[in-house]
Amino acid sequence: RPLAFPAVPAPETNGPLACAADVAALATRTRALRAGLLAAEAPRGFGVLLAGGTPAFPLDGGVERVLGLARAYAASDPEAVARATLALAGFGTGLTPSGDDLAGGALFGRRAVSSDPAWAALGERLVPAVAARTHAISAALFADLARARSFAPLHACLDALLDDDAEAALAAARTLARIGHSSGWDMLTGCFIGILGALQ
């Protein structure tokens with residue numbers, strides 16, 4: 001009997017991701033969402049960094065790697081992003097290690113603010129490199145995130161931000177935050193990094 005993994009997104013949940021026409025407005029809405037989410041939900045995993053805290057062991061050992069990823073996105077430097085992503089690949093525990101979820105979420109977020117084909121090309125280049133550093137389930141989810149196709153709540157959250165619908169964005173973010181032990185929070189944290197180039 002074949003194994004089934006219901007947490008893996010089905011194709012029908014993977015819609016295309018739009019790119020923001022007004023990046024500054026999206027950044028403002030994203031910061032407001034981050035504040036609203038932290039007020040509504042207790043952060044887990046790397047999400048603790050969004051509140052200025054330090055995640056519990058073993059993720060505390062990856063804080064500098066996450067900060068390096070944020071600096072790379074702030075500089076809009078694909079090569080630096082590649083190095084920082086690989087430093088996070090496979091880092092953490094569980095079916096989808098936090099480093100994979102965060103790094104994939106960051107690529108997803110960057111695709112919402114930039115139509116530069118360099119980011120899509122970077123995602124394609126990183127898919128096999130990350131797969132060599134993590135296991136098959138996490139590699140598949142990273143590949144979806146890197147190609148801007150992932151969980152329906154993540155798409156709904158970005159779509160609502162692009163539509164300036166704060167209530168819908170927060171509802172989708174709260175749904176996503178509840179996925180896994182910390183996977184949803186890790187993806188959201190990465191997404192914020194990809195959009196803002198910063199954690200706070």
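- When every heavy atom of His155 is checked against every heavy atom of Ala148, the shortest pair comes out as CE1-O, 3.3 Å.
- Here the side chains of Val81 and Arg110 are not in contact, with every heavy-atom distance at 4.5 Å or above.
- Across all non-hydrogen atoms, the minimal contact from Pro78 to Leu122 is O-CD2, 3.6 Å.
- Looking only at side-chain heavy atoms (C-beta outward), Phe142 and Thr96 stay at 4.5 Å or farther from each other.
- Using modelled atom types, no side-chain atom of Asp101 and backbone atom of Met187 make a donor-acceptor pair closer than 3.5 Å.
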Would you be so kind as to tabulate the donor-acceptor pairs closer than 3.5 Å made by side chains of residues 17-24, with sequence neighbours excluded?
from	atom 1	to	atom 2	distance (Å)
Asp22	OD1	Ala24	N	3.3
Asp22	OD1	Ala25	N	3.0

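- Side-chain N or O atoms of Arg133 include one that pairs as donor or acceptor with a backbone N or O of Ala129 at under 3.5 Å.
- Judged by distance alone, the side chain of Arg65 and the main-chain N or O of Ala87 form a donor-acceptor pair under 3.5 Å.
- Nearest approach of Pro97 to His135, heavy atoms of both residues: CD-NE2, 3.9 Å.
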message: Run Phe108 and Trp119 through ring pair (Phe, Tyr, Trp, His ring centres under 6.0 Å) and show every step you take.
response: CA-CA 10 Å; Phe108 186 97; Trp119 295 109; over 10 Å; no
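- For Arg44, the salt bridge (Lys or Arg N to Asp or Glu O under 4.0 Å) criterion is met by no residue, not counting sequence neighbours.
- Considering all non-hydrogen atoms of both residues, Val63 and Thr54 come closest at CG2-CG2, 4.4 Å.
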